Amino acid sequence: MSKTKYAIPNFFTSLNFLMGTFAIVLAPLGETKLLMPLFGGAERTALEWSAWLIVYSVLLDKLDGFFAKRLNASSAFGAEFDSLADLVAFGLAPAMLIFHGVRVLYHDWAQTHIVLQLVVLALYTLCSAWRLARYNVAQSDLKGWFVGMPTTLSGGWIALVWLLLWKYRDQLDPATIPWAVYGFHFLLGALMISSFYISKLVSRKSRFFNWFQVVNILIGYGCGLAMVFPEVLFVQIILYTGVGFAWGIIKRRSIQQGLGGV
């Protein structure tokens, strides 16, 4: 078991890496309808598959960390592999999804703003790489907190925003939405390299709050794996991001003093 235990979290990291890779490959196919027997047999556009695969990566990323801790199977190799998988799944894949997704939904706007698209894409992917490198060398031992938005959370935001844009595309203003999407895309990049603290999902002193977390995690995994109700996942990510950053602001001084237990 001494060596086998390391294979379990690395297995989930490998799946995370592959889901991100497949998301990158599928995004340029745009509105092409694809049938994926391994994922329930539903027919969706390639861009929808790309977004849901990023959601799958978010779920898998949490599992590799969970098993690494439970099995005491953390390793230098696992940490580096996890960062590489995260860069693909939450750095490159979301950037490709937004780039190709906006070109499908708002083609005329995209044709006249290609430079803006490339600049924001470059900044977002660079911020993802910087965020992951900074975490490995300076923040991985910060108990209970992330410094800056985690790449996993950022990738989840982009996937869910795009799924909702696609679902409600006929009800949204095509003149303003692409500007808002790229503004938000830029904001996520800035938050990843910011110095704001955001709370991790860890056990708390309150039993009620712990159960609240568990129930929401189970709901999130159910909706994500079944690829249904992106609205529910969107509400969850809003709550976690808002409460997590707000609590980080409240506890900032004690965190910096090394007393910032969550």
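No experiment lies behind these values; they were computed from the predicted model shown.
Under the ring-ring contact (aromatic ring centres under 6.0 Å, His included) criterion, Phe81 pairs with Phe77, not counting sequence neighbours. By the ring-ring contact (aromatic ring centres under 6.0 Å, His included) test, His113 is found to be paired with Trp109, Trp179, residues two or more places apart in sequence or in another chain being considered. By the ring-ring contact (aromatic ring centres under 6.0 Å, His included) test, Phe184 pairs with Trp157, sequence neighbours left out. For Ser154, the side-chain hydrogen bond (donor to acceptor under 3.5 Å, both in side chains) partners at least two apart in sequence or on another chain are Tyr124. With sequence neighbours excluded, the residues satisfying side-chain hydrogen bond (donor to acceptor under 3.5 Å, both in side chains) with Asp173 are Thr176. Contacts of Gln171 classified as side chain to side chain contact (heavy atoms under 4.5 Å, CB included), with partners at least two apart in sequence or in another chain: Tyr168. Residues satisfying the side chain to side chain contact (heavy atoms under 4.5 Å, CB included) criterion with Val119, sequence neighbours excluded, are Val115, Leu123. With sequence neighbours excluded, no residue forms a ring-ring contact (aromatic ring centres under 6.0 Å, His included) with Phe17. Judged as a salt bridge (charged side-chain N to carboxylate O under 4.0 Å, His left out), and not counting sequence neighbours, the contacts of Lys167 are Glu231. Legend: residues meeting side-chain hydrogen bond (donor to acceptor under 3.5 Å, both in side chains) with Tyr182, ordered by chain and number and at least two apart, are Gln117.
The side chain to side chain donor-acceptor pair (under 3.5 Å) pairs that include a residue from residues 85-97 are Asn16-Asp86, where partners are two or more places apart or lie in different chains.
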Using residues 87-99 as the side-chain source, report each donor-acceptor pair under 3.5 Å to any protein atom, sequence neighbours left out, with the distance given to one decimal.
none

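In summary, the side chains of Thr45 and Glu48 do present a donor paired with an acceptor at a separation below 3.5 Å, with no hydrogens or angles considered.
Using cut-offs of 30° and 60° on the angle between ring planes, the pair Phe245 and Phe196 is perpendicular.
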